[in-house]
Amino acid sequence: QLQASGGGLVQAGGSLRLSCAASGRTFSSAVMAWFRQGPGTEREFVGALSRIDGSIRYADSVKGRFTISRDNAKLTVYLQTNSLKPEDAAVYYCASKGLWSSITDPGSYGYWGQGTQVTVSS
């Protein structure tokens with residue numbers, strides 16, 4: 001019900017646009033979010049977008065570099081990643097849930113995409 005894509009290999013300072021295609025049911029969820037997980041690390045909150053009032057929240061580590069947006073016609077949520085750093089390298093996941101609460105907690109999300117790999121070379 002969530003399909004992430006757009007990952008790849010990019011040099012430090014470069015950009016990628018990740019996409020998360022959703023089914024109608026999951027796209028109608030109140031919260032669409034992105035997480036990432038590097039090797040040997042826990043899944044980390046990247047950012048989230050509220051369908052209800054358009055609220056957006058980002059992790060401090062990506063604020064000013066990453067942007068979340070959605071295309072209602074395409075049922076797709078995007079994560080534009082700019083000025084990528086080697087420490088941004090991870091598998092990126094999209095997720096959805098019904099309530100704008102505990103949005104940074106991956107355990108609170110009911111739907112997950114399969115992940116897309118982002119590799120950043122220095």
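As the structure is a computational prediction, the values presented were derived from the model and not from experiment.
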Atom pair CG/OG of L99 and S108 - distance to nearest 0.5 Å | 9.0 Å
pair Q37-E44: side-chain heavy atoms closer than 4.5 Å = no
Quick one: pull up OH in Y78 and SG in C20 and give me the separation to the nearest 0.5 Å.
-> 10.5 Å
Just checking, R43 and F35: is the charged tip under 6.0 Å from the six-membered ring centre and within 45° of the axis?
-> no
Are any of the side-chain heavy atoms of V91 and T116 separated by less than 4.5 Å?
-> no
Could you pull out the closest heavy-atom pair between T76 and S19, with the gap in Å?
-> CG2-CB, 4.1 Å
To the nearest 0.5 angstrom, please state how far the OG atom of S23 sits from the CG atom of L2.
-> 6.5 Å
Could you state whether I103 and L79 fall into the same hydrophobic cluster, counting links through intermediate Ile, Leu, Val, Met, Phe, Trp or Tyr residues with side-chain heavy atoms under 4.5 angstrom apart?
-> no
Kindly indicate, with the supporting measurements, whether the criterion side-chain contact (heavy atoms from CB on, under 4.5 Å) is fulfilled by R36 and V62.
-> CA-CA 11 Å; R36 67 187 181 186; V62 306; 3.9 Å; yes
Check whether any side-chain heavy atom of P106 lies under 4.5 Å from a side-chain heavy atom of W112, and answer yes or no.
-> yes
Identify the heavy atoms of G7 and V118 that sit nearest to each other, and give their distance.
-> CA-CG2, 4.2 Å
Given side chains that start at C-beta, do those of T104 and R57 come closer than 4.5 Å, heavy atoms only?
-> yes
Could you state the interatomic distance from CG (L84) to OG (S121), rounded to the nearest 0.5 Å?
-> 10.0 Å
Please step through side-chain contact (heavy atoms from CB on, under 4.5 Å) for the pair D53 and W100, ending with a clear verdict.
-> CA-CA 10 Å; D53 62 5; W100 186 262; 5.9 Å; no
Heavy-atom side-chain proximity of F66 to V46 below 4.5 angstrom = yes
Linking I/L/V/M/F/W/Y whenever any side-chain heavy atoms sit under 4.5 Å apart, do I56 and V31 land together?
-> no
For R65 and S83, the nearest pair of non-hydrogen atoms, with its separation, is NH1-O, 3.0 Å
Interatomic distance, CG@L75 vs CE@M32, rounded to 0.5 Å, equals 9.5 Å
Could you tell me whether a side-chain N or O of Q11 sits under 3.5 Å from a main-chain N or O of S122, the two making a donor and an acceptor?
-> no
Test item: V10 and T119 side chains (from C-beta on) under 4.5 Å apart, heavy atoms | no
Not counting sequence neighbours, list each pair that qualifies as a salt bridge (Lys or Arg N to Asp or Glu O under 4.0 Å) and has a residue in residues 66-86.
-> none
Is there side-chain contact between T81 and T67, with at least one heavy-atom pair below 4.5 Å?
-> no
When rounded to the nearest 0.5 angstrom, what distance separates CD in Q117 from CG in L18?
-> 11.0 Å
Treat each ILVMFWY residue as a node, draw an edge where side-chain heavy atoms are under 4.5 Å apart, and state whether Y93 and L49 are in one component.
-> no
Honestly, is K97 close enough over Y109, meaning NZ or CZ under 6.0 Å from the six-membered ring centre and within 45° of the axis?
-> yes
side-chain contact (heavy atoms from CB on, under 4.5 Å) assessment of Y58 paired with I68 | CA-CA 9 Å; Y58 297 102; I68 294 177; 3.8 Å; yes
